[in-house]
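In what follows, a structure is listed as structure tokens, so that the remarks can point back to it.
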Amino acid sequence: MALAPAPAPATAGSADQFRGQAWVPRFVAPRRYELLLRPDLDTCVFTGDASVVVDVSAPTRFLVLNAADLTVDRASIRFQGLTPTEVSLFEDNEILVLEFDGELPLGEGVLAMDFNDTVNDQMRGFYRRLAYCFSIFDQYT
């Protein structure tokens, strides 16, 4: 099985070019994640902050993120002090595409954002799992 070639950097077009793709572009690679999660287990919701060090290796105006079951506070998104001009969530593809006015600076940069959602029971994202414990003795009581 041969690997698909890495996609060309995206400096033109719209976020729609990433819809339905079987890959996340490799011209931006995450290097380190810092996450702060604040769950409220009584109401099954959570909020959080993310700070991701990424390496921009080729000219692009886009950042493409995996974002299954996540609501991002669009006003909080920053990359090296820049704010995206468009934020597109493609729920079917579970990606969030951030589009900026111009090309992003090459090299390492920090992407920061706030997010929130529910603690689900679907075994994906931030989920809860109930455990049932019993012993052999419980059968006879």
Under the criterion side chain to side chain contact (heavy atoms under 4.5 Å, CB included), I'd like the reasoning laid out for Leu96 against Val87: C-alpha separation, chi angles, the key distance, then a yes or no. CA-CA 7 Å; Leu96 180 73; Val87 177; 3.6 Å; yes

Is any side-chain heavy atom of [Y] closer than 4.5 Å to one of [X]?
| X | Y | value |
| --- | --- | --- |
| Met113 | Ser76 | yes |
| Phe79 | Val56 | yes |
| Glu108 | Val54 | no |
| Leu82 | Leu104 | yes |
| Leu37 | Phe115 | yes |

Identify the heavy atoms of [X] and [Y] that sit nearest to each other, and give their distance.
| X | Y | result |
| --- | --- | --- |
| Arg61 | Asp101 | CD-O, 3.9 Å |
| Glu103 | Pro59 | OE1-CB, 3.5 Å |
| Ala50 | Leu35 | CB-CD2, 3.6 Å |

Got a sec: does the CG of Asp92 have more than 12 other heavy atoms crowding it under 6.0 Å?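 No, not enclosed.
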
To the nearest 0.5 Å, what is the distance between [atom1] on [X] and [atom2] on [Y]?
| X | Y | atom1 | atom2 | value |
| --- | --- | --- | --- | --- |
| Ile77 | Leu65 | CD1 | CG | 8.0 Å |
| Phe46 | Thr118 | CZ | OG1 | 7.0 Å |
| Phe27 | Leu63 | CZ | CG | 8.0 Å |
| Leu98 | Arg78 | CG | CZ | 12.0 Å |
| Leu70 | Glu91 | CG | CD | 11.0 Å |
| Leu111 | Tyr33 | CG | OH | 9.5 Å |

Would you please name every residue forming a side chain to side chain donor-acceptor pair (under 3.5 Å) with Asn66, sequence neighbours left out? none

Pairs flagged by side-chain hydrogen bond (donor to acceptor under 3.5 Å, both in side chains) wherever residues 43-53 is involved - sequence neighbours left out: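 Sorted result for residues 43-53: Arg38-Thr47, Arg38-Asp49, Asp40-Thr43.
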
Has the side chain of Gln17 got a donor or acceptor atom that lies under 3.5 Å from a matching backbone atom of Ser14?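 Checking the backbone N and O of Ser14 against the side chain of Gln17, a donor-acceptor pair under 3.5 Å is found.
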
Test of understanding: clusters of I, L, V, M, F, W, Y form through side-chain heavy atoms closer than 4.5 Å, transitively. Do Val72 and Val110 belong to the same one? no

Does the gap between the ring centers of Phe62 and Phe18 come in under 6.0 Å?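 Yes, the ring of Phe62 comes within the 6.0 Å limit of the ring of Phe18, centre to centre.
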
